[in-house]
Participant: 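Got a structure for you, questions after.
One-based numbering, in listed order, for ligands and for the atoms of each.
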Amino acid sequence: MKVVHFSGFYTLEKLFCSRYTSGMQKNAARSGRHIKLPTSVSWIRNQLLRAGFEAYAVGGGVRDLLLGREPKDWDVATNATPVQIQKVFPNSVYANRFGTVGVRRGGTTYEVTTYRVEKSYTDARHPDEVEFVKQLDEDLARRDFTVNAIATDGKQLIDPYKGQGDLKQKLIRAVGNANERFQEDALRMMRAVRLAVELGFKIDPKTQDAILHNSERLKLVSPERIRDEFMRIIASPDPYRGLNLLLDTKLVDQFLPELLAGKDFAQAKHHKDPVLDHNLLALKYVPSEDPLVRLAALLHDIGKPQSARGTGQRRTFHGHEVIGARMTKAIMRRLHFSNADIERVTNLVRHHMFMFQFESTDKAIRRIIRRVGKENVDDLVDLRVGDRLGSGVRIGYNQKLQLFKERVVEVQKDPIDTRMLKINGNDLIKDLGIPPGPRVGEIMDALLEDVLDDPKRNTKRYLLKRAKEIAAEPAQKSKANV
Ligand code: ATP
Ligand code: MG
């Protein structure tokens, strides 16, 4: 086996880290934990070692293992070049992502990355050039946070930046000079907030100051990368704290400035909080774990400042859900969400004001279901619960909402969409000679309206008769979308 030589820093780090290391090991012993790498990671290391290279587990996997959390993925750093890595693992894939080779083992892909530093940081985007380096210490130096810059061979920890100390103190701290690190890669600022809320850590004050100071540079990062970190913050155990961190550091200003219009924007009547605070509280209390439903909660009243009329107790926000839906669509497009995701969130924001009374008719309920879509009703109710709890109401599900949920199930025994009608588009084309095209859909929609009014009308005989009448009427304009 090759003897691994470390440069000077290692002795130094051994000196000032021994305290942490021994503390950590004591801890590990007490909790019955030790550095036990997964067998696949050890196997990958051993293959590389046998071929004469160095290899260490690094990054999030080591961090999570030391925290006693289930690692999401594993990264291995090595002094072998991508070509050499591929020779050691003939079935690997070189995705050409900055020297990272994907090695598959037991159904999982492990990222094996050549020791490297980023080469040019002209625009704070992810660098498109990397430079391979010889030493592990140089590779650890380019990593974002101290807790992500710990390497291990399964026996020892190599921890030049005292990541273990920060793990103990639950701190996200930049490696080296925070200011410079965020100037190199602005996405790291989002990663700091994301890691803080995922792990339940604080951000070290100096690191947080540096984020505030460099926040405008986030504009240089691609929308996809911002979106992915943002959605992980939303999906985390504490999205409310995440949003507050994004506000405190002014990162929100860079990618979601619409939220800020609600700052100190007073509401009337039962709403004691300004619009922004209320949106954040709805996110805090929405019971859903679905990140898109949580996003809808955060954005549900985003249209309020624009739709406000009047002041004081007489202030109204008529149509804020329509404006809000439009804004939601624009925001999500800008962040390159998929059309399906945009549709779902926009739809929830658009319909969050749905009315339900004890005396609501089946017909009224069927119309709500039809408008928002059967598959979205539970999410809509969750959004309403978050909205209520976020307005200071102590109980989310009141009797009324419970009853609404029951009635939703009840009324769906009757048709609520055209697929539940006793005839279909083909019947119209065959039996009534209506040419295929959009007109068929329009007639089916009109028939559904009729059946929503009275479910007894859902017979083939009635519907064909009615279709004939409707077909004779001039074509309607199709309903405008949001
Ligand atoms: P998770 O896997 O939970 O998302 P992670 O910390 O493992 O978190 P990855 O994106 O898997 O994050 O990255 C693996 C490692 O690569 C990190 O732990 C860190 O050492 C390094 N890293 C990732 N992104 C950056 C970055 N933008 N700047 C510097 N180092 C980074
Ligand atoms: Mg990872």
Participant: Determine whether any heavy atom of R63 lies closer than 4.0 Å to an atom of ligand 1.
Facilitator: yes

Participant: Report yes or no: do D387 and H352 form a side-chain donor-acceptor pair below 3.5 Å?
Facilitator: no

Participant: Got an N/O contact under 3.5 Å between E198 and ligand 1?
Facilitator: no

Participant: One residue to check: N148. Relative to ligand 1, which of side chain, backbone, both or neither has a non-hydrogen atom less than 4.0 Å away?
Facilitator: both

Participant: How does R143 reach ligand 1, by side chain, by backbone, by both or by neither, if only non-hydrogen atoms under 4.0 Å count?
Facilitator: both

Participant: For ligand 1, which atoms, with element, lie under 4.0 Å from some heavy atom of R142?
Facilitator: 29 (C), 30 (N)

Participant: Strictly under 4.0 Å, does any heavy atom of R191 approach an atom of ligand 1?
Facilitator: yes

Participant: Backbone or side chain, does any N or O of L195 fall under 3.5 Å from an N or O of ligand 1?
Facilitator: no

Participant: Is the NZ or CZ atom of R217 positioned over F182's six-membered ring, under 6.0 angstrom from the centre and within 45° of the axis?
Facilitator: no

Participant: Have a look at ligand 1 and work out which part of R194, if any, has a heavy atom under 4.0 Å from it: side chain, backbone, both or neither.
Facilitator: side chain

Participant: Taking only heavy atoms of K72, which atoms of ligand 1 are found under 4.0 Å from at least one of them?
Facilitator: 3 (O)

Participant: Mind checking whether R232 has a heavy atom under 4.0 Å from ligand 1?
Facilitator: yes

Participant: Taking heavy atoms and a distance under 4.0 Å, where does D185 meet ligand 1: side chain, backbone, both or neither?
Facilitator: side chain

Participant: Sort and list the pairs that fulfil side-chain hydrogen bond (donor to acceptor under 3.5 Å, both in side chains) and have at least one residue in residues 59-73, not counting sequence neighbours.
Facilitator: R63-N148

Participant: Would the distance check show the side chain of D159 and the main-chain N or O of G163 forming a donor-acceptor pair, the cut-off being under 3.5 Å?
Facilitator: yes

Participant: Do you see a donor-acceptor pair shorter than 3.5 Å between the side chains of T146 and R173?
Facilitator: no

Participant: Closer than 2.8 Å to the Mg ion (ligand 2), what protein N/O/S atoms do you find?
Facilitator: D73 OD1

Participant: Taking R334 for the side chain and F255 for the main chain, is one N or O donor matched with an acceptor at less than 3.5 Å?
Facilitator: yes

Participant: Can K304 be said to sit on top of F317's aromatic six-ring, NZ or CZ under 6.0 Å from centre and within 45° of the ring axis?
Facilitator: yes

Participant: Pairing donors with acceptors under 3.5 angstrom, does anything connect the side chains of H320 and H300?
Facilitator: no

Participant: I'd like to know if L187 contacts ligand 1, where contact means a heavy-atom distance under 4.0 Å to any ligand atom.
Facilitator: no

Participant: Between N376 and H351, is any side-chain donor less than 3.5 angstrom from a side-chain acceptor?
Facilitator: no

Participant: If every non-hydrogen atom of V197 is compared with every non-hydrogen atom of P237, which pair is closest and at what distance?
Facilitator: O-CD, 3.6 Å

Participant: Assess the side chains of T328 and T346: does a donor N or O sit below 3.5 Å from an acceptor N or O?
Facilitator: no

Participant: With a 3.5 Å distance limit and no angle check, can you tell me whether H278 reaches the backbone of G390 through a side-chain donor-acceptor pair?
Facilitator: yes

Participant: If only side-chain N and O atoms count, and only distance matters, is there a donor-acceptor pair under 3.5 Å linking Q183 with N214?
Facilitator: yes

Participant: Could you work out, for atom 30 (N) of ligand 1, the closest of T146, D144, D228 by heavy-atom distance?
Facilitator: D144

Participant: I'd like the name of whichever of G163, G60, A77, G59 reaches closest to atom 7 (O) of ligand 1 through any heavy atom.
Facilitator: G60

